[in-house]
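Scroll down for the structure; my scribbles are underneath it.
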Amino acid sequence: MRIVTWNINSLRLRLKLLERLGEELRPDIVCLQETKVPDELFPDEAVRALGYAHIQHRGMKSYNGVAILSRVPLTPLDDTPDWCARSDCRHIAASFALGGASVELHNFYVPAGGDVPDPEANPKFAHKLAFVDEATSWFTGRPSRRTILVGDLNIAPLEQDVWSHRQLLDVVSHTPPETTRLQAWLACGFVDAMRHFVPPEEKLYTWWSYRNRDWKASNRGRRLDHVWVTSDLTASLQNMTVLRDARDWPTTSDHVPVAMDFSA
DNA sequence: ATGGTCGGTATCCGA
């Protein structure tokens, strides 16, 4: 069972790249963020034609939007909160069968938080911190069993999750208020599955800004995309792939797909 | 220290 998470930065613009992702990684389930498509305009036909017969999406005009595309049946999880009371399409969840038992899958798009890392001066940063706090409270009150959480969490928690820890300490995505909160959320009962495969001393990125002339040469990356599992699933973890090559696909997203393989 | 580039129903705003 292979699950992929990818901030696609517009699904309709990159349907061909979703097809390429399917050819190169053969995922069973794809979790997308920043689909930027309202539900009534979701390209169901095109997605189904790529082999994903089971689709859940939550989208709005212009911004945000998440989707789960699957080759295996999904059961929607409807008891999820309206985070920060904004109805802004940043979370979608479902369960599916893995090795004969059900697994809960959560797909998140955490607010980016704007430019100024001060919740007093910047409401977008305040929203980001509140969102992570709410998510932490919610998961704390849930049984931490057979759960996978993926998505663009917009926070790079570890020193080696950014190209320069020192230079990014004041940059939104790597500030202490954010990294501390992300660690608290993780500590609800999750294991950082990407770091299960790559030790924390090694650099690991999933995002490179569009603003660098040559992303590969400068390599100023950050690990903003994550896969977490509850500890009862760590024995099922088989392999992890960051599809770095996807950053060179024509007119691609600034995020690359991350694949996680599970044994049944 | 600065500015750099994307996407959306768009001539700014969010990332």
Side-chain angles (χ1 to χ4, degrees), chain A residues 5-21 31-43 46-47 57-67 83-84 86-91 107-119 121-132 150-157 161-164 166-175 177-179 182 205-226 243-258:
Chain A
T5 179
W6 190 26
N7 179 323
I8 195 169
N9 189 16
S10 174
L11 171 59
R12 286 175 293 176
L13 194 66
R14 305 198 212 282
L15 274 168
K16 294 303 285 182
L17 296 187
L18 180 64
E19 180 175 11
R20 184 163 175 180
L21 174 73
C31 294
L32 298 175
Q33 305 87 33
E34 280 205 271
T35 53
K36 294 184 176 176
V37 57
D39 287 328
E40 62 273 19
L41 295 178
F42 193 93
V47 170
H57 50 80
R58 185 170 289 158
M60 61 195 284
K61 196 160 140 182
S62 299
Y63 305 114
N64 310 331
V66 284
W83 304 102
C84 300
R86 292 192 183 221
S87 315
D88 57 0
C89 305
R90 295 180 176 277
H91 177 216
N107 176 16
F108 274 96
Y109 174 53
V110 171
D115 291 328
V116 180
D118 174 0
N122 172 14
K124 285 186 263 189
F125 193 69
H127 176 213
K128 182 179 199 174
L129 300 183
F131 189 101
V132 175
V150 307
D152 175 6
L153 305 185
N154 265 317
I155 299 172
D161 289 339
V162 294
W163 63 274
S164 167
R166 192 179 54 82
Q167 286 177 263
L168 285 160
L169 270 172
D170 281 326
V171 174
V172 172
S173 72
H174 192 62
T175 67
E178 295 167 88
T179 57
L182 200 72
Y205 311 142
T206 64
W207 174 88
W208 291 263
S209 172
Y210 282 130
R211 295 179 189 178
N212 289 318
R213 192 171 305 256
D214 184 337
W215 73 274
K216 207 181 283 181
S218 57
N219 196 24
R220 295 185 165 191
R222 305 178 201 171
R223 184 169 70 115
L224 303 180
D225 303 276
H226 297 270
L243 193 62
R244 213 167 169 273
D245 291 354
R247 191 62 182 77
D248 271 334
W249 289 350
T251 64
T252 194
S253 169
D254 43 358
H255 296 253
V256 298
V258 178

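Lettering follows sequence order; numbering is per chain, from 1. In what follows, every heavy atom counts, from backbone to side chain, and hydrogens, waters and symmetry copies are set aside.
Straight-line distance from the CG atom of A/Asn212 to the C1' atom of B/dT2: 13 Å, rounded to whole Å.
Considering only residues two or more places apart in sequence or on other chains, A/His174 meets the side-chain hydrogen bond (donor to acceptor under 3.5 Å, both in side chains) condition with A/His165. With sequence neighbours excluded, the residues forming a salt bridge (charged side-chain N to carboxylate O under 4.0 Å, His left out) with A/Arg223 are A/Asp161, A/Asp192, listed by chain and number. For A/Lys61, the salt bridge (charged side-chain N to carboxylate O under 4.0 Å, His left out) criterion is met by no residue, not counting sequence neighbours. Legend: residues meeting side chain to side chain contact (heavy atoms under 4.5 Å, CB included) with A/Asn122, ordered by chain and number and at least two apart, are A/Val116, A/Lys124, A/Phe125.
Inter-residue side-chain proximity for A/Trp215 and A/Asp248 is flagged as met; some heavy-atom pair is nearer than 4.5 Å.
Across B/dG4 and B/dT9, the matching C1' atoms stand 26 Å from one another, rounded to whole Å. The gap from the C1' atom of B/dA15 to that of B/dG3 amounts to 16 Å, rounded to the nearest Å. Straight-line distance between the C1' atoms of B/dT5 and B/dA10: roughly 16 Å, to the nearest whole Å. Separating the C1' atom of B/dC6 from that of B/dT11 is a span of 16 Å, rounded to the nearest Å.
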Let me check something: any side-chain donor-acceptor pairs from residues 9-18 of chain A under 3.5 Å, sequence neighbours excluded? List them with distances.
| residue | atom | partner | partner atom | Å |
| --- | --- | --- | --- | --- |
| A/Asn9 | OD1 | A/Lys36 | NZ | 2.9 |
| A/Asn9 | ND2 | A/Tyr210 | OH | 3.1 |
| A/Ser10 | OG | A/Leu13 | N | 3.2 |
| A/Arg12 | NH2 | A/Lys36 | O | 3.4 |
| A/Arg14 | NE | A/Ile8 | O | 2.8 |
| A/Arg14 | NE | A/Asn9 | O | 3.3 |
| A/Arg14 | NH1 | A/Thr251 | O | 2.4 |
| A/Arg14 | NH2 | A/Asn9 | O | 3.1 |
| A/Arg14 | NH2 | A/Tyr210 | OH | 3.2 |
| A/Lys16 | NZ | A/Glu19 | OE1 | 3.0 |

Its contact letters, B for base, S for sugar-phosphate only and - for none at protein heavy atoms under 4.0 Å, make nucleotides 7-15 of chain B read SSB----SB
